[in-house]
**Q** 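Handing you a structure now.
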2 protein chains.
Amino acid sequence: MKLGEGVEQAIHSVAVLAGLSEGGVLSAAAIAEFHGVSVSYLLKHLQALSGAGILDTVPGPKGGYRLARLPKDISLLDIVLAVEGSAPAFRCAEIRQRGPNPLPGKYFTKPCGISAAMLAAERVYRAELAKTAIADVLADLAESDDGSIAARGCAFLALNERRTNR
Amino acid sequence: MKLGEGVEQAIHSVAVLAGLSEGGVLSAAAIAEFHGVSVSYLLKHLQALSGAGILDTVPGPKGGYRLARLPKDISLLDIVLAVEGSAPAFRCAEIRQRGPNPLPGKYFTKPCGISAAMLAAERVYRAELAKTAIADVLADLAESDDGSIAARGCAFLALNERRTNR
DNA sequence: GGGATCTTACTCGGATAGAGCGTGTCCGAGTGCTGAGGG
DNA sequence: CCCTCAGCACTCGGACACGCTCTATCCGAGTAAGATCCC
């Protein structure tokens, strides 16, 4: 029951990317510097997000990343699944079918009740994450912020945002 | 986002232990054989359950494990937390406070909205697990079972259950 | 002066080492049973 | 025959290697910008 550290980096990266204007991109190096993390490592997760269709990439000089969808259409679940993989956390190995005197498989047509309960809890978890979009997170932040955090973000964007003709 | 393999073993072990009669115990070796898993490894998790107050241990020859509470008072969450630890899956490292131009900490009195959303989802997950008790799992199994699975379990218990005077 | 072309520098992308944690195993401490010996 | 006591075998408990995933890093392929050269 542990989430990798890259999840936090990925979510924050998406949040920052949500702040740039139409047609603007941000290089991975800039995002990494803003968060004080390793560039190479952040790239790994940005690539995962790109592969999942959450981010678009612009290659070449003056290239970088930008959102592929609107912030309101990117949920936390999308990001978590892209980075951590979509495999369920609980995997039933059907150990009840092992042991010295295993029953024929026909008696185990119904999935294990334990597995069902665990997966049900996981569905609830994912549903909760799916309810929260990046746009919601930004809205909550703007509400509690007196302007300082937003100002720092804007200053960073003004310095590092790149316009692209595509 | 991954649960250890021991969680499944632990839950099934508790389910088996729920089937023995008042005052009966089951050795770790018997449980491991029934599930076809390593004895030494299962012991690790049984000890965790014991330390969490879910199981009682009876030392010495003819000793073993038994439930410390009624099956209806043991939730899946109890078992998962005992085996996996109670630390939250998502840990906020506050990377938004890092980087080249960090703001003073006083601007970050409110917890990170991202962290709040992730932890909220986790609370929902745990609440769902807490709703399901071992007794519920056994009841569901008895409902879909034609008797074969229960019969195998009873045969195993009759062979390996030990009476203790304590 | 304008346009095409070549070089160049910068970007992302995938393949490659190292660390931490889960997995699997082992040996030691503790305890109740069991048998022998004495009363 | 019954009680006491010592030995013992079996149990759980904690300490010890191994493998895999996550973390962190490097080098290579691709591309658009910019300078250069020709018309």
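Since the structure is predicted, the reported quantities are computational estimates derived from the model, not experimental observations. By convention in this document, chain letters (A, B, ...) are assigned in the order of the sequence lines, proteins followed by strands, and residues within each chain are numbered from 1.
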**Q** A:Arg98 and A:Glu94: side-chain contact (heavy atoms from CB on, under 4.5 Å), yes or no, with the steps?
**A** CA-CA 7 Å; A:Arg98 296 160 65 176; A:Glu94 286 289 340; over 6 Å; no

**Q** Atom CD of B:Gln9 and atom C1' of C:dT23: how far apart are they, to the nearest Å?
**A** 10 Å

**Q** Over how many whole Å does the gap from B:His45 atom NE2 to D:dC12 atom C1' extend?
**A** 16 Å

**Q** At 4.0 Å (heavy atoms only), tell me whether B:Ala28 reaches a base, stays on the sugar-phosphate, or touches nothing.
**A** sugar-phosphate

**Q** At under 4.0 Å, does any side-chain N or O of B:Arg162 touch on OP1 or OP2 of D:dC10?
**A** no

**Q** Answer whether the closest heavy-atom distance between the side chains of B:Arg91 and A:Lys2 falls below 4.5 Å.
**A** yes

**Q** Could you go step by step and tell me if A:Ile114 and A:Phe90 meet the side-chain contact (heavy atoms from CB on, under 4.5 Å) rule?
**A** CA-CA 10 Å; A:Ile114 293 171; A:Phe90 182 82; 4.3 Å; yes

**Q** Could you state the atom-to-atom distance from CD of B:Glu5 to P of D:dG19 in whole Å?
**A** 16 Å

**Q** Identify, between A:Pro61 and A:Leu43, the residue whose nearest nucleotide on DNA chain C lies closer to the 5' end.
**A** A:Pro61

**Q** Expressed as a whole number of angstroms, how long is the span from A:Arg91:CZ to D:dT21:C1'?
**A** 11 Å

**Q** Testing the basics here: between A:Ile31 and A:Ser13, what is the closest heavy-atom pair and its distance to 0.1 Å?
**A** CG2-OG, 3.5 Å

**Q** Just to be sure I understand the rule, does A:Ser38 reach a base, reach only the sugar-phosphate, or reach nothing, if contact means heavy atoms closer than 4.0 Å?
**A** sugar-phosphate

**Q** OP1 or OP2 of C:dC10 versus the side-chain N and O atoms of A:Ser27: is any pair under 4.0 Å?
**A** no

**Q** Taking only N and O in the side chain of B:Thr57, is any of them less than 4.0 Å away from OP1 or OP2 of D:dT11?
**A** no

**Q** If you find the nucleotide of DNA chain D closest to B:Gly64 and the one closest to A:Lys62, which residue's nucleotide is nearer the 5' end?
**A** B:Gly64

**Q** Take the protein atom CG of A:Asp56 and the nucleotide atom C1' of C:dG13, then report the distance between them rounded to whole Å.
**A** 16 Å

**Q** Ignoring backbone atoms, test whether A:Tyr65 places a side-chain nitrogen or oxygen under 4.0 Å from the OP1 or OP2 oxygen of C:dG13.
**A** yes

**Q** Take the protein atom OH of B:Tyr41 and the nucleotide atom C1' of D:dA17, then report the distance between them rounded to whole Å.
**A** 15 Å

**Q** Are any of the side-chain nitrogens in B:Glu122 or B:Arg126 under 4.0 Å away from the carboxylate oxygens of its partner?
**A** yes

**Q** Would you mind reading off the distance between B:Leu46 atom CG and D:dG13 atom P, rounded to a whole angstrom?
**A** 9 Å

**Q** Measure from CG on A:Leu42 to C1' on C:dT11 and round the result to the nearest Å.
**A** 14 Å

**Q** Return the 5'-most residue of the pair A:Lys2, A:Gln47 with respect to DNA chain C, ranking by each residue's nearest nucleotide.
**A** A:Gln47

